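Some notes on the structure that comes next.
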Number of protein chains: 2
Amino acid sequence: MSEQATTPNRHLTSKEHLRLWLRLLRTTRRVEADLRERLRLQFNTTLPRFDVMAALSRHPDGLKMNELSQQLKVSNGNVTGIISRLVEDGWVERIAIEGDRRATRVLLTAAGNQQFHHMAQAHEHWVDELFSSLSGQETHHMNELFAHLPTEAGPEPDSPAPDNQGELR
Amino acid sequence: MSEQATTPNRHLTSKEHLRLWLRLLRTTRRVEADLRERLRLQFNTTLPRFDVMAALSRHPDGLKMNELSQQLKVSNGNVTGIISRLVEDGWVERIAIEGDRRATRVLLTAAGNQQFHHMAQAHEHWVDELFSSLSGQETHHMNELFAHLPTEAGPEPDSPAPDNQGELR
DNA sequence: GCATGAATGTTTAAGCTTGAAATACTTTCG
DNA sequence: CGAAAGTATTTCAAGCTTAAACATTCATGC
């Protein structure tokens, strides 16, 4: 488990890992900030709302609240608030589930679906711009390196089908 | 500018960029969630507090509020609240600046400095563990690829000295 | 001096986020 | 049946985050 071995390069590797993590974090924050601002200015919405709509757009029949929060890897209570606001805006609706009065199914309205497709198109273009300094080869290479990282849930080797995130279709 | 050229592979590159971004985002969120939980359980603190203390630890003479928020790339008002709580906890103190009654200088107390060094040591170890699946060479390679990305402020070619983030010393 | 604008911080309103507690419903099984 | 355990969701308290409004203080130029 990556014990503090007595090899002389332990220190260096650890520092390199730290450096990589800090870069990763800076880059992600910068891109996120950019996307957040554009979503606000051009669509008067937020990144969390966009993420929720993206998840719902991949499931035309809707998702239960708990499925949604698992997909987005955020807490249960968090989704409640975001969905409530999306419902107010008319982009999402809640539908009772037959035979289980505890659960509800949430899905995009027709208007929500249309709105999401507008946003997703812009979003893809923005991301393409932000990463434009990477060549196709570099992008591909980086994608492969990321496969080695703890991207998916770590200590759970039994996830049914992680499903591709975002609006990738 | 990455204009929508008429080359047949525009679509593919764009999709690859999007895929990379989503992976980046997933990875960052997962690592952040892990670090956040550990900071909470083992040190009863939060990631934002840790980030602020890391910035202050690199500046023993303290920083003005506005310098601090620039370093952390968060809004001005945000820092006010975090610093207030750190002051309550006794890790940070505010000191008036001679000759300018608008500004204050904030810096770690002796206790804060000591506490931060405990946390930083654990933090470096956690990150090393989380990235342990990357070889030294892969880590180095990835670090280089990141240099091509919009890590630093994009449209400002005149930043004085970005300074290394985190507790890297 | 003194008006005017810039700089520095705080406050505020709205929303996001978590973890824990509360609520409501369903299933299990004695 | 009925208690206990489990499931699905909301509510809650605390804290983070932003953008915008606000209050002070400083600097500049008449």
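Order of the sequence lines fixes the chain letters, A, B, ..., with proteins taken first and strands second; residue numbering starts at 1 for each chain. Just so you know, these numbers come straight off a predicted model, no measurement behind them.
Taking 4.0 Å as the cutoff to heavy atoms of chain B, we find the contact window on DNA chain D bounded by D:dG15 to D:dC26.
A donor-acceptor pair is defined here as one N or O able to donate and one able to accept, closer than 3.5 Å; no such pair exists between the side chain of A:Arg40 and the backbone of A:Thr46. In terms of modelled atom types and a separation under 3.5 Å, the side chain of B:Thr109 and the main chain of B:Gly90 share a donor-acceptor contact.
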For nucleotides 3-15 of chain C, read 5' to 3', which letter fits each nucleotide if B means a protein heavy atom sits under 4.0 Å from the base, S means only the sugar-phosphate is that close, and - means neither? ----BSSBB---S
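Crowding of A:Gln114 atom CD: a count of heavy atoms from other residues, nucleotides or ligands under 6.0 Å not exceeding 12.
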In sequence, state the C-alpha distance, the side-chain angles, and the governing distance for A:Ser84 and A:Arg94, and then conclude on side-chain hydrogen bond (donor to acceptor under 3.5 Å, both in side chains). CA-CA 9 Å; A:Ser84 296; A:Arg94 291 184 222 242; 2.8 Å; yes
Could you give me the CA-CA distance, side-chain angles and deciding distance for A:His59 and A:Glu67, then say whether side-chain hydrogen bond (donor to acceptor under 3.5 Å, both in side chains) is met? CA-CA 11 Å; A:His59 296 269; A:Glu67 294 170 337; over 6 Å; no
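With respect to B:Arg105 and B:Asp61, no salt bridge is recorded, no charged nitrogen being found less than 4.0 Å from a carboxylate O. Residues B:Glu129 and B:Arg38 are paired through a salt bridge, judged by an N-O separation under 4.0 Å between the basic side chain and the carboxylate.
Rounded to whole angstrom, the span from the CG atom of A:Leu72 across to the P atom of C:dT17 amounts to 9 Å. B:Leu39 places its CG atom 16 Å from the C1' atom of C:dT17, with the value rounded to the nearest Å. Regarding B:Leu41, its CG atom lies at a distance of 14 Å from the C1' atom of C:dA20, rounded to whole Å. As rounded to whole Å, 16 Å separates atom C1' of C:dC25 from atom CD of A:Glu98.
Under the ring-ring contact (aromatic ring centres under 6.0 Å, His included) test applied with B:Phe116, the options B:Phe50, B:Trp91, B:Phe43 reduce to a single match, B:Phe50.
Note on A:Leu47: nothing from the nucleic acid sits closer than 4.0 angstrom, heavy atoms only.
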